[in-house]
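Some notes on the structure that comes next.
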Amino acid sequence: MSIALKQVFNKDKTFRPKRKFEPGTQRFDLHKKAQASLHSGVDLRAAVQLPPGEDLNDWVAVHVVDFFNRINLIYGTVCEYCTEKSCPVMSGGPRYEYRWQDELKYKKPTAVPAPQYMNLLMDWIEVQINNEDIFPTCIGIPFPKNFIQICKKILCRLFRVFVHVYIHHFDRMILMGAEAHVNTCYKHFYYFCTELNLIDRKELEPLGKEQPAQSCVVRLSLSTAL
């Protein structure tokens, strides 16, 4: 990453504290292996493939945490421009609105402003990735049987951050000179999720292409997702 981009994507703008892997653990080693592949010039399509002999749950866990950190950082760079006034609903253009639902306060799909949705989303993900019963950090402790389903829901909701940033705040990314970095992050996310079938193709429709541009057009009818 260039010096200019490092100034844009700095730790002070991180929307949430980063979740890290403990050095010396198998998952830390897997994380380093994944990062090495990304920075070695390997094609992103190849970089996301499950390495021979590695466990699928471990591979998914590492990437879910990494994407949470990266998307956190991306939204953190524009969050001061994403306000209840500028973004009164969590949307991706006029045809896509995302309503919040969880198992606690919001038991029915509820329309909320984009910044409130982002806070609820990041809080919700943090609780899960910090839960040892869902994302175990110790070797020998098994993942829950529904681990992949949990990760699918996390990734589906993280994708909506990309949708909102691209459609409503990408002009800010361009002004900061960060569009190439965001595009690469999105392509990595897209290839990973489609390689392992972790997001329903219909959920990807708001952006339409592997690497959207500022002028991407939302084409289909309203899709209110939870």
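These numbers come from a predicted model, not from an experiment. As a basis for the values below, the full set of heavy atoms in this structure was taken, side chains included, without hydrogen atoms, waters or symmetry mates.
Considering all non-hydrogen atoms of both residues, Gln128 and Phe135 come closest at O-CD1, 3.3 Å. Looking at every heavy atom in both residues, Pro144 comes nearest to Ile134 through CD-O, 3.4 Å. Smallest separation of non-hydrogen atoms from Asn197 and Lys152: O-CE, 3.4 Å. Between Arg160 and Cys156, the shortest heavy-atom distance links the atoms NH2-SG, 3.3 Å. Taking each heavy atom of Leu44 and Thr184 in turn, the nearest pair found is CD1-O, 4.1 Å. The two residues Gly92 and Val163 make their nearest non-hydrogen contact at CA-CG1, 3.5 Å.
For Thr194, there are no side chain to side chain donor-acceptor pair (under 3.5 Å) partners two or more places apart in sequence or in a different chain. Under the rule for a ring pair (Phe, Tyr, Trp, His ring centres under 6.0 Å), Phe159 has no partner lying at least two apart in sequence or in another chain. For Thr110, the side-chain contact (heavy atoms from CB on, under 4.5 Å) criterion is met by Tyr106, Val112, not counting sequence neighbours. The side chain to side chain donor-acceptor pair (under 3.5 Å) check on Asn146 picks up nothing, with sequence neighbours excluded. Residues satisfying the side-chain contact (heavy atoms from CB on, under 4.5 Å) test with Cys82, not counting sequence neighbours, are Tyr75, Cys87, Ala114, Pro115, His164, His169.
Under a 3.5 Å cut-off, the side chain of Asp66 and the backbone N or O of Val62 do not form any donor-acceptor pair. A donor-acceptor pair is defined here as one N or O able to donate and one able to accept, closer than 3.5 Å; no such pair exists between the side chain of Thr77 and the backbone of Met173. With hydrogens and angles ignored, the 3.5 Å screen pairs no side-chain donor or acceptor of Glu195 with any backbone N or O of Arg45.
For the atom pair CG of Asn183 and NE2 of His181, the computed distance is 10.5 Å after rounding to the nearest 0.5 Å. The SG atom of Cys151 sits 7.5 Å away from atom CG of Leu198, with the distance rounded to the nearest 0.5 Å. Interatomic distance, CZ of Arg172 versus CD of Glu80, reported as 7.5 Å (0.5 Å rounding). A distance of 13.0 Å separates CG of Leu158 from NZ of Lys153, quoted to the nearest 0.5 Å. For the atom pair Phe192 CZ and His188 NE2, the distance stands at 7.5 Å (nearest 0.5 Å). If you take CE on Met90 and CD on Gln116, they are separated by 12.0 Å, rounding to the nearest 0.5 Å.
Trp100 has its side chain within reach of Leu121: a pair of non-hydrogen atoms, C-beta onward, lies under 4.5 Å apart. For the pair Pro51/Trp59, a side-chain contact is recorded, criterion being any heavy-atom separation below 4.5 Å from C-beta on. Between Phe162 and Phe67, the closest side-chain pair of non-hydrogen atoms is not below 4.5 Å. Between Phe189 and His63 the shortest side-chain heavy-atom distance does not fall below 4.5 Å. Between Ile74 and Tyr186 the shortest side-chain heavy-atom distance does not fall below 4.5 Å. The shortest distance between side-chain heavy atoms of Ile199 and Tyr190 does not fall below 4.5 Å. Taking 4.5 Å as the limit, every side-chain heavy atom of Ile125 sits out of range of all side-chain heavy atoms of Arg157. The closest side-chain heavy-atom distance from His168 to Tyr81 is not below 4.5 Å.
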task: Would you sort out whether Phe68 and Asn72 count as a side chain to side chain contact (heavy atoms under 4.5 Å, CB included), showing the intermediate values?
output: CA-CA 6 Å; Phe68 171 70; Asn72 236 331; 3.3 Å; yes

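Neither Trp124 nor Val127 shares a network with the other; the hydrophobic side chains, linked directly or stepwise wherever heavy atoms of I, L, V, M, F, W or Y lie under 4.5 Å apart, form separate groups for each. Residue Leu56 is grouped with residue Phe143 when hydrophobic side chains (ILVMFWY) are merged at heavy-atom distances under 4.5 angstrom, including chains of intermediate members.
Aromatic ring orientation, Tyr117 versus Tyr98: tilted (interplanar angle from 30° to 60°).
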